[in-house]
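Because the structure is a prediction, the values reported are computed rather than measured.
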There are 2 protein chains.
Amino acid sequence: MGIKDDAVEVRAQGWRTLAALHGLIEAELERSLQGQARLSVVEYTVLDALSRQDGWHMRMQQLARATALSASATTRLVNRLEDRGLLTRILCADDRRGIYTELTDSGSKLLAEARPVHDAALERTLAEAQQVPELAPLVDALPRLHAGV
Amino acid sequence: MGIKDDAVEVRAQGWRTLAALHGLIEAELERSLQGQARLSVVEYTVLDALSRQDGWHMRMQQLARATALSASATTRLVNRLEDRGLLTRILCADDRRGIYTELTDSGSKLLAEARPVHDAALERTLAEAQQVPELAPLVDALPRLHAGV
DNA sequence: TATATTTTGTTGCACAAGCAAATATTGCAC
DNA sequence: GTGCAATATTTGCTTGTGCAACAAAATATA
């Protein structure tokens with residue numbers, strides 16, 4: 001067992017911690033958002049990403065990257081949200097393959113309701129995770145990543 | 001916009017970073033493990049968790065927690081691995097509701113083959129993520145969490 | 001112009017996930 | 001001991017996901 005093997009083990013451990021915290025947060029967000037806004041976490045992510053976009057447009061592929069989802073999953077996700085009237089598809093004028101999505105008023109409104117739920121759940125879960133010894137160091141490190149913002 | 005609102009935004013940003021890195025790593029692990037060992041990430045997680053367990057047993061619920069999966073998903077996951085002969089169910093003598101799972105020789109062998117694939121994919125993806133400005137700080141923070149181990 | 005190649009988004013299909021209900025076992029109250 | 005709540009695991013059902021195959025539009029090549 002040398003230095004090299006240690007690095008492998010440290011990475012694996014870091015990844016397990018990351019995955020554990022991610023699972024915990026996602027599960028709690030899912031419960032809260034589903035219960036209080038009828039939104040899944042990815043659905044919230046889409047609305048949030050759209051709202052933080054300058055012109056309020058995004059193309060399907062950008063959305064796929066923002067949600068870490070496959071192209072096909074993104075198509076169906078946008079279908080669901082469109083069926084609920086939360087966003088609309090807009091054909092791209094210059095590139096007719098491209099499809100923009102844009103929040104509707106109804107979508108912005110739902111997002112405005114959901115955001116506090118999301119933020120509260122996040123705060124609550126992080127506080128809870130801080131009580132778990134294996135997770136605490138990562139929880140503490142998170143806010144320092146973007147402290148300047 | 002006061003200090004409080006900043007904290008909310010910092011948390012949200014931290015969560016987005018965490019989710020993005022998680023998604024990246026999981027996708028790459030999935031590809032590598034699926035391609036070279038016919039294992040999904042959760043399947044690998046189960047085998048790995050069992051191998052790092054003292055007596056090489058775990059109960060279903062422990063497994064569910066280790067994988068961040070529901071009880072039902074865990075049942076079916078264990079079914080799949082049992083059907084492939086990678087682990088066995090063992091009835092718990094003292095608590096007959098409980099069911100232990102234990103790696104078979106075949107399971108340990110596959111894990112031994114898969115582990116280098118997993119570790120290499122993890123190293124590769126972290127190096128890649130370090131090139132992405134938003135992800136780099138988190139990548140750097142990870143090994144420091146368990147530096148002493 | 002014609003045509004091959006690449007990019008973008010959608011669909012068919014198979015599979016894994018969660019929720020709720022069912023089943024089995026334990027521990028506790030009386 | 002009998003009844004009853006709590007715990008552990010499994011099953012039925014519905015839904016969301018990825019992969020591969022596809023269609024349409026843009027771009028490159030000749």
Check your understanding: To the nearest angstrom, how far is B:Arg59 atom CZ from C:dT26 atom P?
Key -> 10 Å
Point to revise | Salt bridge flag under 4.0 Å for residues B:Glu9 and B:Arg16 | key: yes
Exercise for review: Ignoring hydrogens and angles, tell me if any N or O in the side chain of B:Ser32 forms a donor-acceptor pair with the backbone of B:Leu29 under 3.5 Å.
Suggested key: no
Study note, to complete from the structure: The correct set of residues in residues 63-72 of chain B placing a heavy atom under 4.0 Å from DNA chain D is B:Ala71, B:Ser72
Point to revise | Length of the line joining A:Asp83:CG and D:dG16:C1', which is rounded to integer Å | key: 15 Å
Exercise for review: Name the orientation class of the two ring planes belonging to B:His118 and B:Tyr44 (parallel below 30°, tilted from 30 to 60°, perpendicular beyond 60°).
Suggested key: parallel
Check your understanding: Does the side chain of A:Leu138 come within less than 4.5 Å of A:His22's, by heavy atoms?
Key -> no
Check your understanding: Taking the side chain of B:Arg76 as heavy atoms from C-beta outward, which of D:dT17, C:dC19, C:dG9 is closest to it?
Key -> C:dC19
Distances for protein N or O near nucleotides 2-5 of chain C N or O, under 3.5 Å:
none

Practice item. Identify the residue among A:Arg59, A:Met60, A:Gln62 that makes a side-chain contact (heavy atoms from CB on, under 4.5 Å) with A:Thr101. Key: A:Met60
Revision key, fill the gap. In numerical order, the residues of residues 25-41 of chain A whose heavy atoms come under 4.0 Å of DNA chain C are none
Check your understanding: Between B:Met60 (CE) and C:dT25 (P), how many Å, whole number?
Key -> 16 Å
Point to revise | Pair A:Arg115 + A:Asp119, salt bridge at N-O below 4.0 Å | key: no
Check your understanding: When rounded to the nearest 0.5 angstrom, what distance separates CD in B:Glu102 from CD in B:Gln53?
Key -> 11.5 Å
Exercise for review: Please answer: with hydrophobic residues joined when any side-chain heavy atoms are less than 4.5 Å apart, are B:Ile99 and B:Leu47 in the same cluster?
Suggested key: yes
Review point. What residues form a side chain to side chain donor-acceptor pair (under 3.5 Å) with A:Arg65, not counting sequence neighbours?
Key: none
Point to revise | OP1 or OP2 of C:dA17 under 4.0 Å from side-chain N/O of B:Arg80 | key: yes
Point to revise | Protein-nucleotide distance (B:Met58, atom CE; D:dT9, atom C1'), rounded to Å | key: 16 Å
Per-pair distances, 0.1 Å, donor-acceptor, side chain in residues 85-92 of chain A, under 3.5 Å, sequence neighbours excluded:
| unit_1 | atom_1 | unit_2 | atom_2 | d |
| --- | --- | --- | --- | --- |
| A:Arg89 | NH1 | A:Asn79 | OD1 | 2.9 |
| A:Arg89 | NH1 | A:Glu82 | OE1 | 2.6 |
| A:Arg89 | NH2 | A:Asn79 | OD1 | 3.0 |

**Study point:** Whole angstrom value for the distance that separates P of D:dT7 from CD of B:Gln62
**Key:** 16 Å
Point to revise | Upstream residue (5' side of DNA chain C) when A:Gln61 and B:Ala73 are each assigned their closest nucleotide | key: A:Gln61
Review point. For atom CG of A:Asp83, is the number of surrounding heavy atoms from other residues, nucleotides or ligands below 6.0 Å larger than 12?
Key: yes
Practice item. Taking only heavy atoms on the protein side, list every residue of residues 91-98 of chain B lying under 4.0 Å from any atom of DNA chain D, sorted numerically. Key: B:Arg97, B:Gly98
Point to revise | Spacing of A:Leu77 atom CG relative to C:dT11 atom C1', expressed in whole Å | key: 16 Å
Review point. Got a sec: does the CZ of B:Arg38 have more than 12 other heavy atoms crowding it under 6.0 Å?
Key: no
Check your understanding: Within the side chain of A:Thr67, is there an N or O that forms a donor-acceptor pair under 3.5 Å with the backbone of A:Ala64?
Key -> yes
Review point. In Å and rounded to the nearest 0.5 Å, what is the CD1 to CG distance from A:Ile25 to B:Leu18?
Key: 5.5 Å
